[in-house]
Asker: 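One structure coming up, written as structure tokens, with questions to follow.
By convention here, the first residue in the shown sequence is residue 1. Small disclaimer: the values here were computed from a predicted structure and weren't measured.
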Amino acid sequence: MPLANTVLMVRPASFGFNTETAVSNHYQRQLTAAGLTAQVLAEFDAAVATLRGRGVRVRVFDDAPEPAKPDAVFPNNWFSTHADGRLLLYPMCAPNRRAERQPELIAALAREFDVREVVDLSATEQENRFLEGTGSIIFDHEHRVAYAGLSPRTDAALFEQVAERLGYRPVAFRATDARGQEIYHTNVMMCVGPGVAVVCLDSIADAAELAVVVASLTATGHEIVDISQAQVCQFAGNMLALEPAAGGQPLLVLSQQAHDALTPTQRQALEHHAKLLPLVIPTIETVGGGSARCMLAEIFLPTKPA
């Protein structure tokens, strides 16, 4: 499976509980602990060091303090990059997240990589239609399949348009948590890696939709590791497969909480396909309602010609 060996991460300047996203993200928790900012930055810097220590190239972009962007640490929601040189900008549901689409960051990428086209989809925000990057879409790049759990942040028609534009087969479904609430992002309950897929099958209530998802994953040769709703709450579905820049065994990046939530049998199944790489990010997870995968924006862009 084509995996990224380079990721972009945004070091936050104004991290905090986002009341606008909490409407649809039921995994956020408010913390008022002293030293919250210092703790978040320590978790972020340690995560960067851990990834670099395992051979992943990490480009760190420092967020600007104004305007305040409480979720800037999750850049995968507002852009994605692709091997043909395209960079897609996505429409964001929460108005205070739209400032995360920083031209300076795009310009920095364009100086290093061959950005051949910027596709800006953000105009649909005016129509209240949203599609939040690789939070909304799980790309199986090897088999050209795209998966999306529909929610207030993931519009069905937009998803199909993006899949068609990129040449991927779309597989849409609805996923709900244990209380019957729509799961805000697909990448909370699903990860597709090299030869393995982590998915909360119990979250897909519609039998026909579930059958389509299982059939698609099976047909593309993925071993399915089924996780529970309780494990979803511990971000066990929020993983990302990467590869070291120098090659070698693929890595499956997840949080320490997610790693500890997996059963020994589940961990063993995953380790047949990739080396588990936990990041210790409890404050970011608790307050932000997102985990390791959300912090990583994959860079698939070609390197810039000399």
Asker: Could I get the full list of side-chain contact (heavy atoms from CB on, under 4.5 Å) partners for R169, not counting sequence neighbours?
Answerer: V145, V171, S216

Asker: List the steps and the verdict of side chain to side chain contact (heavy atoms under 4.5 Å, CB included) for L131 and D155.
Answerer: CA-CA 6 Å; L131 188 69; D155 180 85; 5.6 Å; no

Asker: Between the side chain of E43 and the main-chain N/O of I284, is any donor-acceptor distance below 3.5 Å?
Answerer: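 Such a contact is found between E43 side chain and I284 backbone.
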
Asker: Would you find a donor on one side and an acceptor on the other, under 3.5 Å apart, between the side chain of R101 and the backbone of P91?
Answerer: no

Asker: Would the distance check show the side chain of Q234 and the main-chain N or O of L262 forming a donor-acceptor pair, the cut-off being under 3.5 Å?
Answerer: no

Asker: Is there a donor-acceptor contact under 3.5 Å from the side chain of H141 to the main chain of L3?
Answerer: no

Asker: Given side chain to side chain contact (heavy atoms under 4.5 Å, CB included), test E112 with L301 step by step and report yes or no.
Answerer: CA-CA 9 Å; E112 183 176 358; L301 296 166; over 6 Å; no

Asker: I need the S203 OG to E182 CD distance, nearest 0.5 Å.
Answerer: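 S203 atom OG to E182 atom CD measures 11.5 Å (nearest 0.5 Å).
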
Asker: Between the main-chain N or O of P75 and the side-chain N or O of E100, is there a donor-acceptor pair closer than 3.5 Å?
Answerer: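 Not confirmed, E100 side chain does not pair with P75 backbone.
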
Asker: Once you round to the nearest 0.5 Å, how far does CD1 of I204 lie from CD of E209?
Answerer: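 The distance works out to 7.5 Å.
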
Asker: If only atom types and distance count, is the side chain of T124 paired as donor or acceptor with the main-chain N or O of F130 below 3.5 Å?
Answerer: no

Asker: Minimum heavy-atom separation for I183 to D177, with atom names?
Answerer: CG1-N, 3.7 Å

Asker: Taking all atoms of both residues into account, what is the closest heavy-atom pair of M92 and N77, and its distance?
Answerer: SD-O, 3.4 Å

Asker: Just verifying a value: how many Å separate N238 CG and M189 CE, rounded to the nearest 0.5 Å?
Answerer: 12.0 Å

Asker: Is there side-chain contact between T134 and R293, with heavy atoms separated by less than 4.5 Å?
Answerer: yes

Asker: Taking the basic N atoms (NZ, or NE/NH1/NH2) and the acidic carboxylate oxygens, is any pair closer than 4.0 Å for R86 and D84?
Answerer: yes

Asker: Take H185 and S151 through the test side chain to side chain contact (heavy atoms under 4.5 Å, CB included) and record every step on the way to the result.
Answerer: CA-CA 7 Å; H185 276 161; S151 76; 5.6 Å; no

Asker: Taking V7 as the starting point, is it possible to reach F61 by hopping between hydrophobic residues whose side chains are less than 4.5 Å apart?
Answerer: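 Looking at the clustering, V7 is in a separate group from F61.
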
Asker: Over all heavy atoms of both residues, which pair between R97 and F74 is shortest? Give the atoms and the distance, please.
Answerer: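 Heavy atoms only, the tightest pair is NH2-O, 3.0 Å.
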
Asker: Looking at G237 and C191, what are the two nearest heavy atoms and their distance?
Answerer: O-CB, 3.7 Å

Asker: State yes or no: do V73 and L242 share one hydrophobic cluster built from I, L, V, M, F, W and Y residues joined by side-chain heavy-atom distances below 4.5 Å, directly or via other members?
Answerer: yes

Asker: Could you state the interatomic distance from CG (D63) to CD (E104), rounded to the nearest 0.5 Å?
Answerer: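 Here the rounded value is 10.5 Å.
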
Asker: Would you say M9 and L51 make side-chain contact, with heavy atoms under 4.5 Å?
Answerer: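 Touching, per the 4.5 Å side-chain cut-off.
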
Asker: Between R267 (side chain) and H259 (backbone), is there a donor-acceptor pair under 3.5 Å?
Answerer: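 Flag set: sc R267 to bb H259 pair under 3.5 Å.
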
Asker: Can you confirm if the aromatic rings of Y168 and H143 lie within a centre distance of less than 6.0 Å?
Answerer: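 No; Y168 has its ring centre 6.0 Å or more from that of H143.
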
Asker: Working to the nearest 0.5 Å, report the span between CG of L121 and CZ of R129.
Answerer: 10.0 Å

Asker: Side chains of L105 and V10: closer than 4.5 Å at any heavy-atom pair?
Answerer: yes

Asker: So R98 and S122, do their side chains get closer than 4.5 Å, heavy atoms only?
Answerer: no

Asker: Report yes if some heavy atom in the side chain of L109 is under 4.5 Å from a heavy atom in the side chain of F79; otherwise report no.
Answerer: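 They are in side-chain contact.
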
Asker: Give a yes or no on whether R165 atom CZ has more than 12 heavy-atom contacts from other residues, nucleotides or ligands under 6.0 Å away.
Answerer: no

Asker: In the structure I gave you, are the side-chain heavy atoms of F159 and T186 within less than 4.5 Å of one another anywhere?
Answerer: no

Asker: Okay, side chain of R57, backbone of A4: is any donor-acceptor separation there less than 3.5 Å?
Answerer: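 The answer is no, because no donor-acceptor pair under 3.5 Å joins these two groups.
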
Asker: Quick one about Y90 and S80 (side-chain donor to acceptor, distance below 3.5 Å, no hydrogens or angles considered), yes or no?
Answerer: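 The criterion, which ignores hydrogens and geometry beyond distance, is satisfied for Y90 and S80.
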
Asker: Quick check against the 3.5 Å criterion: does K69 have a side-chain atom that pairs as donor or acceptor with the backbone of A13?
Answerer: no

Asker: Take atom NZ of K275 as the centre, draw a 6.0 Å sphere, and report whether it contains more than 12 heavy atoms from other residues, nucleotides or ligands.
Answerer: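 Open.
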
Asker: Is it possible for you to say whether V199 and L276 belong to one hydrophobic cluster, with membership spreading through side-chain heavy-atom contacts below 4.5 Å?
Answerer: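 Linked, V199 and L276 end up in one cluster.
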
Asker: Go through the steps for L279 and M295 under the test side chain to side chain contact (heavy atoms under 4.5 Å, CB included), then give the verdict.
Answerer: CA-CA 11 Å; L279 307 179; M295 296 170 64; 5.5 Å; no

Asker: So, for A269 and V225, which heavy atoms are closest and what is the spacing to 0.1 Å?
Answerer: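 Shortest heavy-atom contact: CB-CG2, 3.9 Å.
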
Asker: Indicate, with yes or no, if I138 and W78 share a hydrophobic cluster defined by side-chain heavy-atom contacts under 4.5 Å among Ile, Leu, Val, Met, Phe, Trp and Tyr.
Answerer: no

Asker: Nearest 0.5 Å, please: how far is OG1 in T220 from CD in E142?
Answerer: 8.5 Å

Asker: Sort out for me which residue in V232, D202, L201 forms a side-chain contact (heavy atoms from CB on, under 4.5 Å) with I227.
Answerer: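 Only match with I227 under side-chain contact (heavy atoms from CB on, under 4.5 Å): V232.
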
Asker: State, yes or no, whether a side-chain contact exists between L166 and F139 at a heavy-atom distance under 4.5 Å.
Answerer: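 Result yes, sub-4.5 Å side-chain heavy-atom pair found.
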
Asker: List the atom of A99, the atom of P67, and the distance in Å for their closest heavy-atom pair.
Answerer: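 In this case the closest contact between A99 and P67 is CB-CG, 3.8 Å.
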
Asker: State, without any angle test, whether H272 and E223 hold a side-chain donor-acceptor pair at a distance under 3.5 Å.
Answerer: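 There is no such pair between these side chains.
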
Asker: Tell me whether S136 contacts the main-chain N or O of R153 through its side chain, where contact means a donor paired with an acceptor under 3.5 Å.
Answerer: yes

Asker: Please check if atom CD in E164 has more than 12 non-hydrogen atoms from other residues, nucleotides or ligands closer than 6.0 Å.
Answerer: no

Asker: Is V60 linked to I106 within one hydrophobic cluster, defined over Ile, Leu, Val, Met, Phe, Trp and Tyr using a side-chain heavy-atom separation of less than 4.5 Å?
Answerer: no

Asker: Are the side chains of N76 and N187 in touch, meaning some heavy atoms are under 4.5 Å apart?
Answerer: yes

